[in-house]
Colleague: 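I'd like to ask you about the structure that follows.
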Amino acid sequence: MSSMLFSDYSSSTTARFLPFRRSRLRVDGAVFCRRLVGPLHVRPPISVSLRTTLTVHSSSSSSPVISATMGTGTSAKIIDGKAVAKIIRDEITAEVSRMKDAIGIVPGLAVVLVGDRKDSATYVRNKKKACESVGINSFEVRLPEDSSEQELLNFILGFNEDPSVHGILVQLPLPSHMDEQSILNAVSIEKDVDGFHPLNIGRLAMRGREPLFVPCTPKGCIELLHRSGIVIKGKRAVVIGRSNIVGMPAALLLQREDASISIVHSRTQNPEDITRQADIIISAVGQPNMVRENWIKPGAVIIDVGINPVQDEKSPRGYRLVGDVCYEEACKVASAVTPVPGGVGPMTIAMLLSNTLSSAKRLHNFQ
Ligand SMILES: Nc1nc2c(c(=O)[nH]1)N[C@@H](CN(C=O)c1ccc(C(=O)N[C@@H](CCC(=O)O)C(=O)O)cc1)CN2
């Protein structure tokens with residue numbers, strides 16, 4: 001019986017929250033995939049001849065799914081999230097301009113950053129740039145780390161009332177003295193472009209109810225599957241991780257798409273026995289290279305949400321980013337894989353733009 005190596009960030013954090021301040025950089029090397037799962041009970045990999053197939057639209061020039069070029073033994077298609085995100089941004093640019101021409105309204109996004117985490121500051125900067133690139137107005141508030149909850153709430157309440165703001169986002173994680181729940185609850189459900197308000201999540205969980213917004217990262221995962229021609233209906237899907245912002249909503253979304261869902265988490269016994277049955281795996285735990293070849297059914301589709309820094313002296317930054325999934329091994333056994341970086345990450349921001357545009361359309365009754 002193997003014990004789980006990953007922690008799950010079941011309150012509200014996810015892989016990409018962790019890196020730079022809370023945890024030290026993780027060290028790995030040439031054989032990193034092997035080292036990280038040492039204590040696990042490893043079973044022999046399933047024969048490739050048992051390979052099942054999912055419908056993956058192949059590498060036509062217009063498809064975002066392109067063939068892997070990793071050499072012998074590699075068969076997976078690489079799902080290029082950067083390319084898909086660019087296509088989506090172009091679509092949004094056209095819609096923003098159509099809306100402006102028709103009714104003179106420009107969508108607006110307000111982003112609030114508390115504290116000086118470097119990674120959060122980078123994400124906020126990238127969101128601002130992305131807004132500029134599609135013609136969405138952005139409003140940024142930066143508050144010092146020691147701000148009070150009330151100061152932050154005052155900005156949120158102001159944006160709730162501001163008609164030029166159609167989306168409000170509070171960059172997470174918040175400093176530990178702040179109560180994330182009460183902050184997220186304060187965002188108007190109609191401007192909750194992150195989709196983190198409990199009413200939006202509740203609606204996502206209920207049959208026959210529609211959330212106004214779906215959280216950006218899980219929405220990006222599903223969008224990648226759709227745009228890569230991967231059929232979800234009727235498939236077995238496993239989500240690794242049960243965070244509020246990725247794992248849980250990803251499972252709800254897959255269920256809405258008529259997949260049969262299992263959720264694997266830090267208390268799951270023998271997770272690889274469950275993941276090995278999956279046609280689709282979405283991993284969001286923040287453990288570098290945790291998912292190994294023998295966790296993956298031949299032909300499965302792998303969506304890797306983890307963005308984990310590992311030490312790398314050769315990189316100018318001193319580290320490089322790897323996913324939750326051992327990419328080299330997944331490429332050998334899966335039918336399609338998202339890379340890290342360049343997979344789900346860019347889709348998170350594209351979905352934020354998409355949610356902001358939808359919000360402006362809804363608030364102004366523009367079809
Ligand atoms: N309020 C929110 N806070 C946070 C969210 C969120 O969706 N809403 N998600 C994450 C961070 N995040 C956006 O905020 C985010 C993380 C990573 C990327 C991305 O494009 N990553 C690149 C790699 C970037 C690099 O080289 O450093 C990639 O994967 O290719 C986009 C957005 C936590 N907080």
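Computed from a prediction, not measured in an experiment: that's the story for all the values here. Whatever order the structure lists ligands and atoms in, that order sets their numbers, starting from 1.
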Colleague: Looking at K127, which atoms of ligand 1 are within less than 4.0 Å of one of its heavy atoms?
Modeller: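 Under 4.0 Å from K127, ligand 1 has these atoms: 13 (C), 14 (O).
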
Colleague: Checking R362 against F213: charged group under 6.0 Å from the ring centre and within 45 degrees of the axis?
Modeller: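 Satisfied, under 6.0 Å and within 45°.
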
Colleague: I'd like to check which ligand 1 atoms, numbered from 1 as shown, lie under 4.0 Å from a non-hydrogen atom of G342.
Modeller: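 Per the distance check, 28 (C), 29 (O), 30 (O).
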
Colleague: For the CG atom of N200 and the CD atom of E190, what is their distance to the nearest 0.5 Å?
Modeller: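 Output value for this atom pair is 10.0 Å.
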
Colleague: Please could you name the atoms of ligand 1 that T348 approaches to less than 4.0 Å, counting only its heavy atoms?
Modeller: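 Listed by number with element, the hits are 7 (O).
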
Colleague: Can you tell me if M351 contacts ligand 1 (heavy atom of the residue under 4.0 Å from the ligand)?
Modeller: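 Distance cut 4.0 Å: M351 fails for ligand 1.
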
Colleague: So which atom in P215 and which in L204 form the shortest heavy-atom distance, rounded to 0.1 Å?
Modeller: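 Smallest heavy-atom distance, with atoms named: CD-CD2, 4.4 Å.
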
Colleague: Look at the side chain of N185 and the backbone N and O of P198, then say whether any donor-acceptor pair between them is shorter than 3.5 Å.
Modeller: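 Checking the backbone N and O of P198 against the side chain of N185, no donor-acceptor pair under 3.5 Å is found.
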
Colleague: Which is it for V238 and Q277 under the side-chain contact (heavy atoms from CB on, under 4.5 Å) test, yes or no, and what are the steps along the way?
Modeller: CA-CA 8 Å; V238 172; Q277 294 178 36; over 6 Å; no

Colleague: Flag V170 as yes when one of its N or O atoms lies below 3.5 Å from any N or O atom of ligand 1, and as no otherwise.
Modeller: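 Yes: some nitrogen or oxygen of V170 is under 3.5 Å from one in ligand 1.
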
Colleague: Please examine the side chains of I201 and P211, heavy atoms only from C-beta on, and report whether any two atoms are closer than 4.5 Å.
Modeller: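 Side-chain contact under 4.5 Å: no.
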
Colleague: Does only the side chain of R317 get under 4.0 Å from ligand 1, or the backbone, or both, or neither? Count heavy atoms.
Modeller: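 It is the side chain that touches ligand 1; the backbone stays farther off.
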
Colleague: Determine whether a donor-acceptor pair (N or O, by modelled atom type, separation under 3.5 Å) exists between the side chain of H177 and the backbone of S147.
Modeller: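 It does hold such a pair.
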
Colleague: Relative to atom 34 (N) of ligand 1, which among V187, L172, L352 owns the nearest non-hydrogen atom?
Modeller: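 Residue with the shortest heavy-atom distance to the ligand atom: L172.
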
Colleague: From atom 2 (C) of ligand 1, work out which of L321, D194, D119, V305 has a heavy atom at the shortest distance.
Modeller: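 Among L321, D194, D119, V305, the closest heavy atom to atom 2 (C) of ligand 1 comes from D194.
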
Colleague: With no hydrogens and no angle check, do the side chains of T275 and E272 hold a donor and an acceptor under 3.5 Å apart?
Modeller: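 No - no donor-acceptor pair under 3.5 Å links their side chains.
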
Colleague: Any atoms of ligand 1 less than 4.0 Å from a non-hydrogen atom of I307? List them with their elements.
Modeller: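 Once the distances to I307 are compared, the set is 17 (C), 21 (N), 29 (O).
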
Colleague: Indicate the atoms forming the closest heavy-atom contact of S133 with T93, along with that distance.
Modeller: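 Shortest heavy-atom separation between S133 and T93 comes out as O-OG1, 3.9 Å.
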
Colleague: Using a 4.0 Å heavy-atom cut-off, which part of V340 comes near ligand 1: side chain, backbone, both, or neither?
Modeller: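 The answer is neither; V340 stays 4.0 Å or more away.
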
Colleague: Hey, is M347 one of the residues with a heavy atom under 4.0 angstrom from ligand 1?
Modeller: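 No; M347 lies far enough from ligand 1 that no heavy-atom distance drops under 4.0 Å.
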
Colleague: Purely on distance, is any nitrogen or oxygen of I349 under 3.5 Å from one on ligand 1?
Modeller: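 N/O-N/O distance below 3.5 Å does not exist for this pair.
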
Colleague: Looking at ligand 1, does P346 have a heavy atom less than 4.0 Å from it?
Modeller: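 Checking ligand 1 against P346, which is what was asked, there is a heavy-atom contact under 4.0 Å.
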
